[in-house]
Structure formats: C-alpha cells, structure tokens
Amino acid sequence: MKPEEPHQAQALLEPGRNCWQIAQADHVAVLIDGDAYFSALRSAIAKARHSVFIVGWDIDSRLCLQPAGANDGLPEALGDFLRAVLARQRGLHIYVLNWDYTLLFALDREWLSSLKLNWQGQRRLHFRLDAHPVLGGSHHQKVVVIDDRLAFVGGIDLTHSRWDTPAHDCDHELRCNADGSPYQPFHDVQAMFDGPAARIAAQLVRDRWHNATGVRVPMWPAPLTSADNNPWPADVEPDFERVQLAVSRTEPPTDQSTGVREIRQLYDDVIAQAQHSLYFENQYFSSGPIAEQLAQRLNADAAPDIVVVSRRVNNGWLERMTMGVQRARVHALMKQADQHNRYRLYSPEMPDLDETCINVHAKVVIADDDFLSIGSANINNRSMVMDTECNIAIEARGRADIRAGIARVRAKLLGEHLDCEPDEVQTAMAEQGRLIPAIEALQKDGRTLKPLDPVARPEDEAMVPALSVLDPERIVPTDQLVSQLVPHAAKRPLRSRLMLIAGVALVCLALAALWRWTPLAQYVDPQALSRLAARIRDMPLSPLIVILAYVLGTVLMFPHSVLVIATGLVFGPVLGIAYALGGTAASAAFTFWMGTWLPRDALRRIAGQRANRLSMKLARRGIISVALLRQIPLGPVVIVNLICGASHLSLRDFMIGTMIGMTPGSIITVLFVHHFAEAVRHPSTGTFGALIGLAALLIGVAVFASRLLRRAGEHRGMEPA
C-alpha cells in the first residue's frame with residue numbers, strides 16, 4: 001500500500017468555532033516528557049526580564065526541575081529558584097495561579113503551599129488560588145508565559161511525580177519526590193512556542209489572573225526583540241518554524257459568560273475530517289459523545305485507523321470506579337463498531353513493571369500528517385464541559401515541511417513507546433501504508449505497545465451510575481443545588497462565629513504542625529491503634545474510652561476505616577461491632593453539631609468550594625442522599641459531617657442516613673478483620689472459607705446497596721449532575 005498522500009481539505013481551524021485565536025509562531029518545539037520540559041522551562045525563566053505567569057492545576061514549591069543539578073548558580077527547588085530569579089532581576093514580577101482544589105485532592109498536594117510562596121519576603125512573587133469554576137469543575141490548564149514572548153502549553157504541571165526521561169527506566173534513582181519517595185514512570189508532552197502566538201497565551205493567563213484576583217495586569221507594550229534577551233533555550237531545536245498556531249479552550253459557563261467549548265468542537269471537526277489515521281495519547285478515554293463519533297467513523301467504509309495510547313491501569317479506587325469503568329464501556333462500543341479492523345487501544349509496557357505501569361498523562365491528537373494538537377484536555381466529559389482547559393493546534397494546509405514535522409512528532413512518540421528510533425517508525429509507515437500495521441510490525445518482546453482490552457467488573461458497573469456526578473456530560477446551575485441548603489443569614493452572634501473560626505484555624509494549624517514535624521502520623525495505622533486499644537481493653541470504662549477515641553479520631557481526621565479495623569482486631573466480632581457502631585454514631589453526631597456552628601464562608605475555607613457544594617447537593621434529599629454520600633470518598637469523615645451540619649439537613653435525617661450508609665460496611669469489616677486474624681493464627685479450611693464468604697457478602701452488599709440507593713434516589717427525583 002502506498003504511503004498517505006496529502007489532501008486539499010478546507011481549513012480546519014476557525015476562530016470563534018473551534019479555536020479562540022490564530023497567530024504565527026516563529027518557532028514551535030514539542031517537548032516530550034518532563035525532563036525536556038523542565039530543563040527548557042528553567043532556562044527560559046532564568047532569562048525573564050519583566051514577567052513570568054505560571055498557571056496550573058497543581059504547583060509544588062519543592063519541585064526540582066533538574067534532579068541531576070542545573071549547575072546554573074541558582075537554587076534547585078522551584079520556590080527557591082523563583083525567588084532567586086526575582087532577587088537577581090529587578091523589575092521582574094512572577095505570577096503563580098494555582099487551582100483552589102477540593103479536599104478530595106488534599107492528601108496529594110503540598111502542605112501550606114500558599115504560605116511557603118507568599119511568606120518568604122519577596123513582594124514581587126504573587127501567589128493566588130483560583131476557585132471560580134462551576135460546581136464540580138477544576139482549573140486544569142497548564143500554561144507558562146515568559147515576557148509575553150515565550151509560552152509553554154501542554155499536560156505537565158509544575159508539581160511532584162512529573163519528571164521523567166523518555167527511557168522511563170523502572171528504577172531511575174532521580175525519579176523521586178522531595179521526600180525521597182519514588183513514583184511510577186511518567187509520560188507527558190508540552191509544546192513551547194514564541195512569536196505573536198505567545199501573546200495569545202499571554203492574554204489567556206492575564207484573563208485567568210483577572211478573573212481570580214480582580215486585578216488586571218497590563219500586557220507588555222511590545223515584545224522584546226533583542227536576541228540577547230531571547231528566552232528561547234539555546235539547546236532546543238524547533239520542530240516547526242513560521243507556522244500558524246491556534247489556541248483552543250474549554251471554559252464552563254458563569255454568571256458573566258455562556259462558556260467556551262472550542263476544544264469539544266475541535267475534536268468533532270478533527271474526527272470528521274481525518275482520512276487515514278487518528279492518533280491519540282491521553283490519560284483518559286471515557287467520553288461517551290466522542291466515542292460515539294469515533295464509532296461512526298469506524299462504521300464507515302473509508303474508516304481511518306484509530307489508535308489510542310493510554311495507561312494500563314487507573315490510579316486508585318476512585319479512578320477505577322469512574323474513568324476506568326467508563327473506559328471499559330467506551331472500549332466495548334468501539335470494538336462493536338470496528339467493522340474493518342481499524343481500532344486499537346494500547347498501553348506502553350515495560351518488562352520490569354508488574355503491578356504498576358507507565359503513567360500516560362499526555363493529551364495529544366494527530367490526524368493524518370495534517371493536524372497536531374497538544375494541551376491539557378482529556379478525552380472525558382469534564383474536559384469538554386466543566387474544567388478550564390487549553391490546547392494548541394497546528395495544521396499543515398498543504399505545506400510539506402509542516403506535514404513532515406507532524407509525521408516526525410508522531411514517529412518520536414511511537415518510537416519512545418515501541419523502543420525504536422523515529423526513523424524506524426517512518427520506514428514502517430512507508431512500508432505498511434497504514435498506522436496500525438506499522439505499529440504491529442514494530443511490536444516485540446520487552447518494551448513495546450501492548451493492546452488493552454479493559455472490562456469492568458460487574459460490581460463496579462453496578463455502582464458507577466451513582467457516581468456519574470464525577471464526570472458529567474452537562475452542568476447543573478449552582479443556584480439550583482445550594483439555594484435550599486445554605487442559610488442566607490448566620491444564626492450565631494458575630495463574636496461567637498469569629499471565635500469559632502479562629503479556633504478552627506488554630507486547631508488546623510496545630511494539627512498541620514503535629515503531622516508534619518512530630519511522629520504523630522506513625523500512630524495512624526491499624527497495628528499502632530491495635531496496640532493502644534489492647535491496653536484499654538480490660539479497663540472498666542473501655543466502652544466510653546473507645547467511643548471517645550472515635551470522636552477524637554474523627555476530629556483529628558484519622559481514617560474511619562482504620563478505627564474500625566483496629567476495633568475489630570482488638571475486641572472481636574461482637575464487642576467490635578457494638579463499639580464500632582457506637583463510636584461511629586457518637587463521632588457523627590458530635591461533628592455534625594460542630595458544623596451547625598460554622599457559617600458558610602468558614603466551611604468553604606476548610607472544605608473547598610466545590611466539595612462543600614457537592615456534599616450539600618447530595619444532602620438535599622435527606623436520608624437516602626446521606627446514605628449515598630457515605631459511599632463516595634469526598635474526603636475525611638469530619639469534613640463531610642461539618643458540611644452536612646452547616647446545611648438545612650436535620651440531625652435525625654443525618655444520623656439515620658449515616659447509620660444506613662456505614663453500618664453494613666462496618667459490620668462486614670469487623671467480621672472480615674476478625675476472621676482474617678483467626679486465619680493467620682489458626683489456618684484451616686473453615687477460617688479461609690469464612691473469609692471467602694465474607695468477601696462475597698461484602699461485594700453483594702455493595703452491589704445491593706448501590707442499586708437500592710439508586711432506585712430510591714430515582715423515586716425521590718434525584719437527577720444526575
């Protein structure tokens with residue numbers, strides 16, 4: 001088969017339809033993986049003269065941009081590096097805008113990052129948190145702009161667990177976080193560009209800053225032109241020169257705007273126009289509407305090859321239950337539509353990675369040799385509707401040099417995954433004439449691309465509809481969710497509220513210090529709690545002590561499951577169940593009562609705006625919704641209880657819903673832990689049989705409870721967000 005021939009399609013990129021603006025980029029470089037991006041970024045920031053804007057989903061001041069050492073005379077950690085650059089360059093201002101994340105992500109973020117960046121005596125380092133997206137949305141853009149001359153757009157945040165090289169060595173000694181903990185290999189892509197196109201990105205980050213702070217930072221009157229001050233890193237060769245580059249966005253609707261869905265339209269147009277191949281690299285592959293459009297192309301006689309490269313496994317229970325299950329559904333739809341053997345879902349594999357995988361975090365789209373997009377948007381519903389996103393795009397429009405550049409970028413990416421040189425990929429494409437046969441010709445043992453065939457477990461399938469709020473296809477107006485829940489006027493005297501807010505703030509700061517600089521965290525595990533509980537087991541007041549321990553543990557944000565496990569290990573099945581349920585009820589009632597004293601603003605500071613509103617939305621329907629809320633890991637139990645206490649929810653409904661939601665799991669957990677301990681102490685067919693039976697019962701209860709709650713929610717008129 002002959003290699004792909006260029007075609008004269010009409011221009012795909014259209015401002016106001018699928019992109020915001022188009023301008024010339026004098027140079028564009030595709031930076032593959034964190035090592036290339038962080039090295040180029042550090043070099044560029046060190047040359048900044050008047051402004052640096054950093055906009056991200058997450059930012060970690062401890063990040064070391066070049067773990068092997070930059071050797072440029074500046075500190076290694078990001079926060080120290082930025083302050084040193086400011087001290088060296090008078091007149092320079094650095095603006096850092098981070099998403100004001102929900103509590104759901106709190107344990108994965110740097111502690112007190114705003115304090116670390118703001119309280120270090122550098123007035124020209126401006127750090128702000130941005131929390132304006134709609135309910136359930138996040139700020140997901142990853143954009144850096146330097147002197148309005150050089151911009152970086154892609155999928156890589158300046159945070160932990162992002163640095164890696166294209167080799168993705170399984171045990172790379174430099175792939176570790178600030179605390180020394182290693183993390184899995186990480187693959188991502190960032191675009192770097194200059195020229196007039198960089199000023200589009202400069203306008204975007206200024207708009208974000210203005211929306212978050214109310215302060216308008218003026219554009220630099222004209223880009224600096226001196227070659228001596230050019231921030232483009234000298235060791236980075238561009239992949240494209242003098243190209244038209246488009247910036248596309250997703251922005252949720254607000255009271256001031258109707259929202260922007262340029263990226264969604266861009267994906268629609270790209271899928272419709274592709275003739276020979278569509279190549280995706282993406283963290284998620286879970287958007288039903290996009291999958292349906294791809295399936296329509298697969299059903300057609302002239303179907304293009306569709307290749308999706310994603311990670312093999314999802315991280316954690318929450319991703320498996322949402323994006324993982326939805327990916328399995330989307331994959332099944334694609335396979336059913338694939339009448340011409342033109343679809344593959346792959347994951348990059350390393351021979352020494354057994355339980356983990358290469359974390360594919362990139363967001364890349366390549367259509368034929370004619371179109372390239374790099375950005376922050378995932379192939380999920382959130383990125384198309386709810387989250388703020390930014391992608392850049394280039395199309396060839398018949399230019400042979402751009403077509404060659406796009407083909408070369410795809411060859412670099414595939415060469416990394418298939419462990420071969422880009423020239424080998426180009427040769428295979430020329431010989432095979434199609435994308436999928438070229439990939440299959442290069443597959444081998446060891447490091448390679450392997451087909452994925454995800455299938456959701458039945459129990460996961462049963463539970464996911466109740467969690468569809470986490471990746472909705474539409475936006476529910478916030479006022480509909482909170483108008484009946486949030487008191488319009490505070491009920492407590494002002495002095496009492498202020499004292500309570502101050503007390504909560506002091507307690508949180510004290511706990512943060514204890515967790516950070518004392519051995520307190522060592523005691524939050526089942527073994528340590530079991531040893532402590534064993535000492536009080538025979539005391540006359542042991543029931544009261546255990547209940548007080550639950551109350552105190554909940555307030556101190558000890559995981560509830562750890563408390564239940566420790567109770568089961570120490571007190572056995574009968575007393576363990578009684579103590580666990582009594583402690584759960586007492587701690588829930590106490591923290592709910594605490595929540596009744598908290599005004600809305602104080603609670604938002606503790607929980608985050610979106611976690612607060614999401615929890616109150618679920619609480620709106622009373623007992624059933626509280627029971628359902630207990631099945632969703634929104635954060636520590638104390639925060640959920642405080643939020644419910646601050647809503648219009650009655651104590652009676654809260655307690656009934658809490659016990660309905662938590663009793664089955666607590667009972668089965670205690671029984672399982674007890675029989676597990678017995679199986680370890682006295683292994684026999686009976687003890688292992690009991691364990692298997694309890695495991696089956698746990699799954700059955702989860703499935704039954706999910707279906708019961710969903711039917712009850714439907715009966716009471718609960719609509720998915």
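Note that the numbering runs from 1 along the sequence shown for the chain. Note that the coordinates shown come from a computational prediction; the quantities given were computed from them, not determined experimentally.
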So which atom in [X] and which in [Y] form the shortest heavy-atom distance, rounded to 0.1 Å?
X	Y	result
Glu440	Tyr346	CG-OH, 4.0 Å
Val247	Glu262	O-OE1, 4.2 Å
Trp232	Pro238	CZ2-CB, 4.1 Å

Greater than 12 external heavy atoms within 6.0 Å of [X]'s [atom1]:
X	atom1	value
Gln336	CD	no
Lys450	NZ	no
Glu421	CD	no

- Tyr284/His361 aromatic ring centres below 6.0 Å: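 Centroid distance Tyr284-His361: not below 6.0 Å, so no.
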- Item | Aromatic centroids of Phe285 and Phe280 separated by under 6.0 Å |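 Not under 6.0 Å, so no.
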- Query: Once the angle between the rings of His172 and Trp163 is folded into 0 to 90°, is it parallel (under 30°), tilted (30 to 60°) or perpendicular (over 60°)?
  - Reply: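 Taking Trp163 first and then His172, their aromatic rings stand perpendicular (interplane angle over 60°).
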- Task: Scan side-chain atoms only and decide if Ser277 and Asp305 contain a donor-acceptor pair under the 3.5 Å cut-off.
- Result: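 Asp305 and Ser277 do not have a side-chain donor-acceptor pair below 3.5 Å.
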- Message: Please tell me whether Asp179 and Ser181 have a donor and an acceptor in their side chains that are separated by less than 3.5 angstrom.
- Response: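 On atom types as modelled, these side chains qualify, holding a pair under 3.5 Å.
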- Task: Let me know which of Ile439, Ile436, Leu449 forms a side-chain contact (heavy atoms from CB on, under 4.5 Å) with Arg344.
- Result: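 That would be Ile436.
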- How far apart are the C-alpha atoms of Asp368 and Arg403, what are their side-chain angles, what is the distance that settles it, and do they pass the salt bridge (charged side-chain N to carboxylate O under 4.0 Å, His left out) test? CA-CA 9 Å; Asp368 303 327; Arg403 285 176 51 81; over 6 Å; no
